[in-house]
Amino acid sequence: MIPTFFHKSGTREGNLTMISTFKEIYGSYPLKKWDIALLFFFVLLSFMPPLYFHLTQSPAEGDKVIIVEKDGKEIFRHPLDESMAHEIKFPFIHNGESYEGNLELKDGAVKLHRLPEEIVPLSIHEDMGWISESYEVIVALPVKMVVRISSSEVDEVDITT
């Protein structure tokens, strides 16, 4: 017997072709009230994780600082000035060689400029743009570098334990 998702023009034997449309497979399947309700529920559910993180993020207490981490270790820290625009250079070591990264600060936000092409072939980290909140990050994956914003005050609760 020929499976239902294959059909041949004419008879049941000969060359088989794949049915490509939803209507050919299921016919004119009418959506019922609960089908639409479930679809709507799952679409709403897909927006919950980002909304949850945005709403539960506590406002930063104290001054904001820029933290640059490489391989999970902090390599640079600088206060985030909201008053003036300027660039900051920071050194880092990758595979035994010394490099320099550039951060641009402007209006309380920070942007990581292009790292050397020999260690980061694609400029995705630069395309990530400006960050100004603690839930935003800039990632340069080939060198395992993360730029994030944090509060200068230490939280009372240790979330990792």
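These numbers come from the heavy atoms of this one structure, side chains and all, not from hydrogens, waters or symmetry mates.
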> CG of L80 to CD1 of I131: how many Å apart, nearest 0.5 Å?
8.5 Å
> Within this structure, what is the CD1-OG distance for the pair I93 and S98, rounded to the nearest 0.5 Å?
5.5 Å
> Can any side-chain N or O of K70 pair as donor or acceptor with the backbone N or O of V146 at less than 3.5 Å?
no
> How many angstroms lie between CG in D127 and CD1 in I138, if you round to the nearest 0.5 Å?
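Atom-to-atom, D127:CG and I138:CD1 are 11.0 Å apart.
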> Do M128 and K111 come close enough that some side-chain heavy atom pair is under 4.5 Å?
no
> Under 4.5 Å between any side-chain heavy atoms of I88 and N102, yes or no?
no
> Provide the closest heavy-atom pair for F76 versus L103 in the form atom of the first, atom of the second, distance.
CE2-CD1, 4.1 Å
> Please check if atom CG in L38 has more than 12 non-hydrogen atoms from other residues, nucleotides or ligands closer than 6.0 Å.
yes
> Taking a hydrophobic cluster as the set of Ile, Leu, Val, Met, Phe, Trp and Tyr residues connected by side-chain heavy atoms closer than 4.5 Å, whether directly or through intermediates, do F90 and Y99 fall within one such cluster?
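Yes: a chain of side-chain contacts under 4.5 Å links F90 to Y99.
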> Do E126 side-chain atoms and S123 backbone N/O form a donor-acceptor pair below 3.5 Å?
no
> Considering non-hydrogen atoms only, spot the tightest contact between H125 and L112 and give its length.
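Of all heavy-atom pairs spanning H125 and L112, the closest is CD2-CD2, 3.8 Å.
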> If you measure from OG on S151 to CD1 on I67, what distance do you get to the nearest 0.5 Å?
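One finds 9.5 Å between OG of S151 and CD1 of I67.
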> Are any of the side-chain heavy atoms of L115 and M145 separated by less than 4.5 Å?
yes
> What I'd like to find out is whether the side chain of I66 reaches to under 4.5 Å of the side chain of L105, using heavy atoms alone.
yes
> Taking the side chain as every heavy atom from C-beta outward, state whether V120 and P142 have any pair of such atoms under 4.5 Å apart.
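Of all side-chain heavy-atom pairs linking P142 with V120, at least one is under 4.5 Å.
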> Out of curiosity, L39 CG to F41 CZ, how far, rounded to the nearest 0.5 Å?
12.0 Å
> Mind checking whether E104 and W130 have side chains closer than 4.5 Å, heavy atoms only?
yes
> Of all heavy-atom pairs between R114 and L122, which one has the smallest distance, and what is that distance?
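For R114 versus L122, the nearest heavy atoms are NH1-O, 3.8 Å.
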> Is there a donor in the side chain of H86 and an acceptor in the side chain of K106, or the other way round, less than 3.5 Å apart?
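No, K106 and H86 have no side-chain donor paired with an acceptor closer than 3.5 Å.
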> Indicate, with yes or no, if F42 and M48 share a hydrophobic cluster defined by side-chain heavy-atom contacts under 4.5 Å among Ile, Leu, Val, Met, Phe, Trp and Tyr.
yes
> Please determine whether a side-chain nitrogen of the Lys or Arg among R148 and E69 lies less than 4.0 Å from a carboxylate oxygen of the Asp or Glu.
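Yes.
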> Could you check if a side-chain atom of I149 sits within less than 4.5 angstrom of a side-chain atom of V110, using non-hydrogen atoms only?
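Answer yes - side chains close enough.
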> Report yes if some heavy atom in the side chain of F92 is under 4.5 Å from a heavy atom in the side chain of E97; otherwise report no.
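Not in contact.
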> For the atom pair CG (L44) and CG (L51), what is the distance rounded to the nearest 0.5 Å?
10.5 Å
